[in-house]
Every structure is written in C-alpha cells, then in structure tokens.
Amino acid sequence: WEARTDLWVLPHSYEACAEAAAWLRARLKQAPVVGLVCGSGLGALAQELQQPQSFDYGDIPHFPRSTVQGHAGRLLVGTLGGCPCAVMQGRFHLYEGYSPAQVALPVRTLALLGAHTVVLTNAAGSLREGLDPGDLLVIRDHIDLPGLAGRSPLVGANDSRFGPRFPVMAGAYDPALRRLALALAPPPLRARAGVYCGVGGPSYETPAECALLRMLGGDAVGMSTVAEAAAARHCGLRVLGLSLITNAAASHEEEEEEGPEHAKDMEHAKEHAKEHAKEHAKDTEHAKDKAHQEVLDAAQAGARLLAQLLLALAPRLQHV
Ligand SMILES: O=P(O)(O)O[C@@H]1C[C@H](O)[C@@H](CO)O1
Ligand SMILES: Nc1nc2[nH]cnc2c(=O)[nH]1
C-alpha cells in the first residue's frame, strides 16, 4: 500500500496556492506587484499591458475554469505604465458552484507571487438614483452577504501563513488608493465613493431585495469581489475596488411595464429557434441571457475609460 501524496494537497489550501504560484514563478519573466481582476465584460482592461505573457487558467495548477460569458479565463502578466502587473481576464463566482476558497484562490496565488496590491473590478447594478450606467463607484466599503451567512473564504481551519484567524475588515478598501482613483478617474466616469453589496446570484435582485439592500446602505450590487477582498485583506494585500455601473438594479419596476414586450421578444426568439434550430441556437441563448448581455455591453462601453484610469493609476501603485 502506498500513500497517495497527491491527495495531501487540499484543492484550495495554502499548498494549492503555493503550487500555482511556483508554476507561474518558473515561467514568468517578471513577478507582478499588482494584481488586477477584470469584472464581467472588462477583459479589455488588459489591452494596455506591455509585453504580456499569457496563461490559460486550465494550465495553471489548481485554478478553476471560467464558465461565464465575458470572462475569458486567462491570466496575463506584463507591465502597465511600467508597473509589473498580473491581469486576470475572468474571475470565479459562487454562483458557478465554486466554493468561496476557490473564488479566492487566484488572489492568494498573486499574494504568494509577491503582489502587494489588488485592484478588484466588477460590473454592478446601481441601487441609487443618480448612479447611472457608465458611472464608476470606487468602493469605500462592502456588505458581504454570503460572508455574513458563513460563505467566506476564511471559514475553516485558519492557515496563519496567509493571515490571522480574525482579520479586521474596517478600512479594507485602502483609503489612499481610493482617493487616488477618485482624483485620476476621467470625468465622464463620474466617479464617486460608495458601498458595494456582494450577493450570491445568479438571479438578479427582486425589487424588494433592492429595497432591502438600499436600506442596508448599499449603493451598488454585484455577484463578486467581496470574497476576493476578504481573502486579500486576510493575507495583507492593499485593495482597491472599482464597480462599473452597468444597469439600474432596481429597474425591475420598469421591467414590469415592459414585461409583455419582453415576453414577446422571448416568444419571437423561441419561434425563430424552432424554425432554424441549429443555426440560431446562439440567438436563443442570447435572448435567454439578455440581462447579462446588457451588462456585458455596458461594461464593454465603459472599459476604455476604466482602462485610462488604470493606466494612470498603475505607476502610482507600484510602490507601497
Ligand atoms: O464578475 P462581475 O462581478 O463583474 O460579474 C457581474 C456579476 C455577474 O457575474 C454578472 C451578471 O451579469 O456580472
Ligand atoms: N447582483 C447583481 N449583479 C450585477 N452585475 C451587474 N449588474 C448587476 C445587478 O443588477 N445585480
């Protein structure tokens, strides 16, 4: 009988992150000091990266796979405005079925590679009047609803090589980085600071849920970021959080009015698909995922301005 040493590495343990980091270190020309996580439809943020090396998540030990449209599933490492950066074109979400620790694995891997700062971007729904699609919310604080219910990457035996059992989350989003982002954001982004509510998804919120999140003090709502931020703070990374507003989360009231029209669209898409089952299978998918497609379109429209901000920020992030 031989011990299965391969089973000793728990899938999302310190050892798993260390193996992923070692695999990358062996291939990288330069270790990143800043990690950038691209939200839905924001993969183009990597466009300004100079001399990028590219790694498919599928090749990196222990990395999960991206399953969501708008998340390419690739890690690019190069320099942004002279600053060594790793850009995750795609992240992992709880609603994909990944555990909080899997969601946090890339951020922890970046920390083990030597990064000291992460920029977490996302596409988010607005909960506030006047916070409109195309606007930027620079995250001042978050409400981690899955985390509050015990779905946090920090649940389980604490590995003190990452950080303490009870990390403090006050000031989790670095105030100096936030001020810098607010100062450097191109005016059309109408950047302002606010509170991001992280939910599990994948369903979008009901009007009543939006009202609840608003009462709790949320300015925007999304399905990511909070687990990554918790893991990042646990292992001592500086965090900047940027939410590109892609839709009004509370616009479901309008949807009620638009309901029959929307239903007609869906009927049409279905009929169409019946007639041309194979060729038009994609159209049906599109119709089904209309809301997500709108999020992606809005994110892509804002990505250029966000990329400008990141290019201006990067040299200022290089040194702690
Ligand atoms: O990865 P992010 O938070 O940008 O993705 C948002 C939340 C869902 O994954 C998706 C909903 O359209 O966009
Ligand atoms: N939960 C949630 N996530 C989003 N991501 C982009 N828009 C939204 C939204 O309205 N709600």
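Positions are given from 1 along the sequence. Because the structure is a prediction, the values reported are computed rather than measured. In what follows, every heavy atom counts, from backbone to side chain, and hydrogens, waters and symmetry copies are set aside. Order of listing sets the numbers, starting from 1, for every ligand and every atom in it.
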Notebook entry, point to check: Taking both backbone and side-chain atoms of H93, is any N or O found less than 3.5 Å from an N or O belonging to ligand 1?
Noted result: yes
Check: Is there any N or O on S203 that sits under 3.5 Å from an N or O of ligand 2?
Finding: no
Check: Is there side-chain contact between L240 and D174, with at least one heavy-atom pair below 4.5 Å?
Finding: no
Next item on the list: If you have a sec, work out which protein heavy atom is nearest atom 9 (O) of ligand 1 and how many Å separate them, to one decimal?
Entry: Y95 OH, 2.6 Å
Next item on the list: Kindly confirm or rule out an N or O of Y196 lying under 3.5 angstrom from an N or O of ligand 1.
Entry: no
Margin query: Heavy atoms only, cut-off 4.0 Å: how does N122 contact ligand 1, side chain, backbone, both, or neither?
Written below: both
Item checked: A123 N/O under 3.5 Å from ligand 1 N/O -> yes
Note to self: Checking a contact table here: which protein heavy atom is nearest atom 3 (O) of ligand 1, and how many Å away?
What the structure shows: S224 OG, 2.5 Å
Item checked: Atom indices of ligand 2 within 4.0 angstrom of V295 heavy atoms, with elements -> 6 (C), 7 (N)
Check: Looking at V199, which atoms of ligand 2 are within less than 4.0 Å of one of its heavy atoms?
Finding: 1 (N)
Checklist line | Cationic N near anionic O, under 4.0 Å, R190 to D135 | finding: yes
Next item on the list: Report, in ascending order of atom number, the atoms of ligand 1 lying under 4.0 Å from any heavy atom of H71.
Entry: 1 (O)
Note to self: Test of understanding: given a 4.0 Å heavy-atom threshold, classify the contact between S40 and ligand 2 as side chain, backbone, both, or neither.
What the structure shows: neither
Check: Which atoms from ligand 2 have a heavy atom of A123 less than 4.0 Å away?
Finding: 5 (N), 6 (C)
Note to self: List ligand 2 atoms under 4.0 Å from T246, heavy atoms only on the residue side.
What the structure shows: 6 (C), 7 (N)
Item checked: Mutual orientation of the aromatic rings belonging to H142 and Y173 [parallel < 30°, tilted 30-60°, perpendicular > 60°] -> perpendicular
Item checked: Ligand-side contact atoms (ligand 2) for residue partner E205, heavy atom cut-off under 4.0 Å -> 1 (N), 2 (C), 9 (C), 10 (O), 11 (N)
Next item on the list: Identify the residue among Q293, H292, E294 that makes a side chain to side chain contact (heavy atoms under 4.5 Å, CB included) with K290.
Entry: E294
Next item on the list: Assess whether atom CZ of R304 is packed by more than 12 heavy atoms of other residues, nucleotides or ligands within 6.0 Å.
Entry: no
Notebook entry, point to check: Salt bridge between E15 and R161, side-chain N to carboxylate O under 4.0 Å?
Noted result: yes
Note to self: Could you identify the single nearest non-hydrogen protein atom to atom 13 (O) of ligand 1 and state the distance to 0.1 Å?
What the structure shows: S40 OG, 3.0 Å
Note to self: Checking the N or O distance criterion of under 3.5 Å, is ligand 2 in contact with N247?
What the structure shows: yes
Note to self: Out of S243, A249, G222, who is nearest to atom 3 (N) of ligand 2 when you count heavy atoms only?
What the structure shows: G222
Notebook entry, point to check: Should the heavy atoms of other residues, nucleotides or ligands under 6.0 Å from CZ of R192 be counted, would the total exceed 12?
Noted result: yes
Note to self: Given the ring of F55, does R27 sit roughly above its face, with NZ or CZ under 6.0 Å from the centre of the six-membered ring and within 45° of the axis?
What the structure shows: no
Item checked: Protein contact to atom 11 (C) of ligand 1 [nearest heavy atom, distance to 0.1 Å] -> Y204 OH, 3.2 Å
Checklist line | Closest approach of any protein heavy atom to atom 7 (C) of ligand 1, naming residue and atom | finding: M223 CB, 3.7 Å
Next item on the list: Would you mind telling me which of L49, D59, L76 makes a side chain to side chain contact (heavy atoms under 4.5 Å, CB included) with S54?
Entry: L76
Next item on the list: Describe, in one word, how the ring planes of F63 and Y57 are oriented to each other, choosing from parallel (under 30°), tilted (30 to 60°) and perpendicular (over 60°).
Entry: tilted
Item checked: Side-chain H-bond candidate by donor/acceptor type, Q50 with T79, under 3.5 Å -> no
Margin query: Less than 6.0 angstrom separating the ring centers of H71 and H93, yes or no?
Written below: yes
